[in-house]
Amino acid sequence: MLGREQLADEVGVIRGIHSASRLCVSLLGSKLARQEKGEFVRDRMLTADVPLGPFEGAKITVHSAKGKNARLHVRRECGQLRTPHVATIEVPLNADVVDRFCSGCADWGPTSRPTSGLGIFMRALGGSGLLHQLQAYAEPDEDVHWTQGEVQAAAELLQSERGAADEGEDEEEDDRPWEARREAQELQEQVLSRWRHAAQSLHRAQAAIAHFPWLTGWAEPKVSAKERYLETLRAQAALFVEPAGLVVAAAAATLETPPLPNDDPAFAVLGKSSQISTGLDALWRRWQYSAERGWEGPASRSINRYDLVHGIRPNKKGRAEALEGAARLIQSWEDEAAAAAATDSTPTVWVTARLPEGTEEPSRGGVPDVLDGLDRWTLGVLLTWTIAADWGRRTLTLRVPALVAARLLEPSGSLVCEPGGSDAVAAEAGPQGQPESLRPGVFDDTPVFDRQPVTPAHLQALRNFSYAADQLYIVFSASGGVEVLPLEVIERRLAEGWLGVLVASASDLPESVISPWIKDVVPTPEADDAPSSGHGHGHGHGHAGQDGHLGADLGLAAGARDVVRRTYREHDKERNLRLLAMARGVSDLRSLDTGRSGMLPVAVWEGLLAPASLDLSPFRPPGADRWRSGSGLPLGVLGQAQIYATNSDPRFEGKGHSPLCRHTRDRGLAASDDLLTVADLLARDDWDWCSKCGGYAVRRLTDTQLSYYRAAHRLHDVAGQLDDERPHRVPVDPDVLIKQLEELAGWEPGGHEGCDWDGSWRWYEAIRDLRRRAERKRGQTAS
């Protein structure tokens, strides 16, 4: 059962164990018993002694019952707030306020926006953050404990068994109880596991303190206690490691492929000469792979000989001879590695090792293990020869034998290593090695005028301690002005010397504007009730003029509805709509590609791009083909509407696809995609488009663009009705057409009322021409 310091980290695992309820009751009983004896058991994380640094005095909202000494609650729905008469006030954050927090609210501290400086600081402290880590793994656990003597005895038992096996003793004749071996192996794994957990806890604590240096002095005694306990665990775990085996493994990694006895009659059972050669080569590679990744003796690798006869019946003649020959080969390789290691057993070389960064999607609990990705040999080296460590910066100083150093310094190793020792670590620990502290003014804690330039360390703190880090941000710089960028793009720019400030994230958009818009977003109507963009619409009488939904699926409103429709989890809908609102201000949507799928959900891409193709019939020139003839209308405000395609050049192999096409697996836009305009689309007719998706996606039309698109189709429809040479003509009412033309003559793009716009003279000329034709037709009808 887990101890008190592991409860917060492993509570999800505990709940999955069948007997968890009984064990938890037992632990709670022991905790109460310790309290009755006067032993200290901390029941709240955030206490008045925790330094608040530059965030002291920040305004926070709290709730309380009536009364001068009532407890303060940071959440209105806190379970300890049991009164219908709740007072909500704004107070400055200080030690007195913290001391009045209820024990439940003190676990996480005051709530704040997740991307604000105060929100990041409080998230770094609360929950399983710094305050918990300072208490965890600082001393032996009272519920899972072992003595030094028990560890020593278990290590001696396991090493003696491995030595006996290496000398060829028959395990069946071993009279030592199997229970003792099992218990020794379990204790070995427990010690190694606790060392890893303690290292991870110390790393998290030191990394957090580095971002908030005002905590350094206050946390120093607790960090020192954790360091002492971690060193105790390291020394205990090192008892299970055989240093000589580590050197042998390093020597085995350096061995070249030896001459293989392909003509040895012992291996005839394997088949032809080529099969023998393939089998022996695979045996060598398997042996070297297993030899260089552990610290155990030859007995742990002798089982590889059975791989050579895999698939051969046990009773087949020659199989036993092949096994004996494989055993002789493996023993010769073991002897060669041991001989190379015999001359190099003294640790003389200093090496500085840097642990790999954690993965983006850790497998457990959302926090990557600082020792993830290291094989058993590397862990054994760290346990055996670590002299000094800075776990916060993932930097260890080792003193190792030359063979071990040579392997550590290889570029292909799991650690990034450099020659040198404690001096190099001390040099990095200077002021220049410390990340710049997080303070108000970096994020949205202050007015924009008071913002401070963001640094890579600030963004690293955002990633480490904010669950809402991976989104879009409005940034300002003197070089680029106001832009909307993903977090990864900002990080790349900072690495190149960019100087700028963060104005707001998507989660910081004003609630007073976002909430009414979100409430207005409704699911997309059924296809029968909402016609599409006009594809396939001919010149049927009054069709475009009577269809008020023409092109509705191309507009911004439809994009917001598509986001809601494609977002399956309810709590993600508001987040995706905020991302959509932020991304709409980007001039080139390809800049939102970070090279990592999933940064923008597919639902947001569908809100930005319309998968349907445009019907550009009204803008095509008149032609001899009556069915495909256009009206020659100007593109106007539609001319610069953006078109995105995976490939727009017919000379390149492969058809062009929409970024939302199923052939691209709904990946959204990539930086390598092509950007066109509607004017480009109309200028050529040799495009090689995908027949399934139309070849491209159009950026959602603004209200002005959509209005003009509809107006152009109405005018094109009127022209078709007045075409006397059109087959299957339908009788028309000239007065109705003249009224429609009068309405269209009054169309003006938003923001350009009373002004000429691009192509306006062609628009009005087309209307005047159609009106003359309609009046002639009215005269013919009257006569």
Side-chain angles (χ1 to χ4, degrees), residues 520 522 524-562 584 607 609-620 628-643 677-679 681-682 694 696-723 732 736-753 755 757-760 762-771 774:
D520 290 341
V522 296
T524 306
E526 296 295 333
D528 294 340
D529 299 329
S532 64
S533 60
H535 238 352
H537 290 180
H539 296 308
H541 174 66
H543 183 83
Q546 295 175 3
D547 184 8
H549 294 287
L550 174 71
D553 56 344
L554 299 171
L556 298 176
R561 290 195 295 269
D562 283 348
R584 281 176 171 175
L609 301 171
S613 298
L614 290 168
D615 180 3
L616 299 179
S617 299
F619 313 103
R620 300 188 186 281
R628 297 179 57 85
S629 178
S631 297
L633 299 177
L635 282 172
V637 294
L638 280 174
Q640 297 305 309
Q642 293 179 344
I643 301 294
T677 64
V678 173
L681 202 63
L682 199 61
Y696 61 85
V698 59
R699 184 167 183 169
R700 298 280 178 176
L701 301 182
T702 65
D703 293 343
T704 298
Q705 290 172 332
L706 182 58
S707 174
Y708 183 66
Y709 182 79
R710 290 172 170 170
H713 273 273
R714 291 180 62 194
L715 192 60
H716 183 54
D717 185 68
V718 171
Q721 296 181 62
L722 292 173
D723 185 1
V732 297
V736 173
L737 297 183
I738 290 173
K739 183 177 179 181
Q740 292 181 18
L741 292 171
E742 291 175 348
E743 294 174 355
L744 293 172
W747 186 90
E748 291 179 327
H752 295 80
E753 290 81 356
C755 302
W757 44 276
D758 185 24
S760 59
R762 290 171 55 197
W763 173 263
Y764 296 129
E765 182 63 26
I767 292 177
R768 286 193 293 268
D769 178 64
L770 291 174
R771 179 159 185 161

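Below, each value reflects all heavy atoms present in this structure, side chains not excepted, and no hydrogens, waters or symmetry copies.
- Partners of A679 under the side chain to side chain contact (heavy atoms under 4.5 Å, CB included) rule, at least two apart in sequence or in another chain, are L635, T677.
- Judged by distance alone, with hydrogens and angles left aside, the side-chain atoms of R699 form no donor-acceptor pair with the main-chain N or O of Q642 at under 3.5 Å.
- Of all non-hydrogen atoms in R584 and L556, the two that sit nearest each other are NH2-O, 2.7 Å.
- Between atom CG of residue L744 and atom CZ of residue R710 there is a gap of 13.5 Å, rounded to the nearest 0.5 Å.
- Between V698 and L554, the shortest heavy-atom distance links the atoms CG1-CD2, 3.8 Å.
- Note that the CD atom of E748 and the OG atom of S760 stand 9.5 Å from one another [nearest 0.5 Å].
- Less than 6.0 angstrom separates the ring centroid of Y708 from the ring centroid of W763.
- Taking every heavy atom of both residues into account, L770 and L722 meet most closely at O-CD1, 3.5 Å.
- Scored by the side chain to side chain donor-acceptor pair (under 3.5 Å) test, R768 finds E765 as partners (sequence neighbours excluded).
- Residues passing the salt bridge (charged side-chain N to carboxylate O under 4.0 Å, His left out) test with R700, sequence neighbours excluded: D562.
- Annotation: side chain to side chain contact (heavy atoms under 4.5 Å, CB included) contacts of D703 (sequence neighbours excluded): none.
- Minimum heavy-atom separation, D615 to S617: OD1-OG, 2.7 Å.
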Legend entry - Working for side-chain contact (heavy atoms from CB on, under 4.5 Å), residues L741 and L715: CA-CA 7 Å; L741 292 171; L715 192 60; 3.5 Å; yes
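- Nearest heavy atom pair, residue L633 against residue A766, reads CD2-CB, 3.8 Å.
- Considering only heavy atoms from C-beta on, L681 comes within 4.5 Å of Y696 through its side chain.
- For Q640, there are no side chain to side chain donor-acceptor pair (under 3.5 Å) partners, not counting sequence neighbours.
- The line from CD of E743 to CD1 of I767 is 11.0 Å long, rounded to the nearest 0.5 Å.
- For F619, the ring pair (Phe, Tyr, Trp, His ring centres under 6.0 Å) criterion is met by no residue, not counting sequence neighbours.
- Between G759 and P634, the shortest heavy-atom distance links the atoms O-CG, 3.1 Å.
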Legend entry - side-chain contact (heavy atoms from CB on, under 4.5 Å) evaluation trace for L614 with V678: CA-CA 9 Å; L614 290 168; V678 173; 3.6 Å; yes
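- Partners of R771 under the side chain to side chain donor-acceptor pair (under 3.5 Å) rule, at least two apart in sequence or in another chain, are E742, E775.
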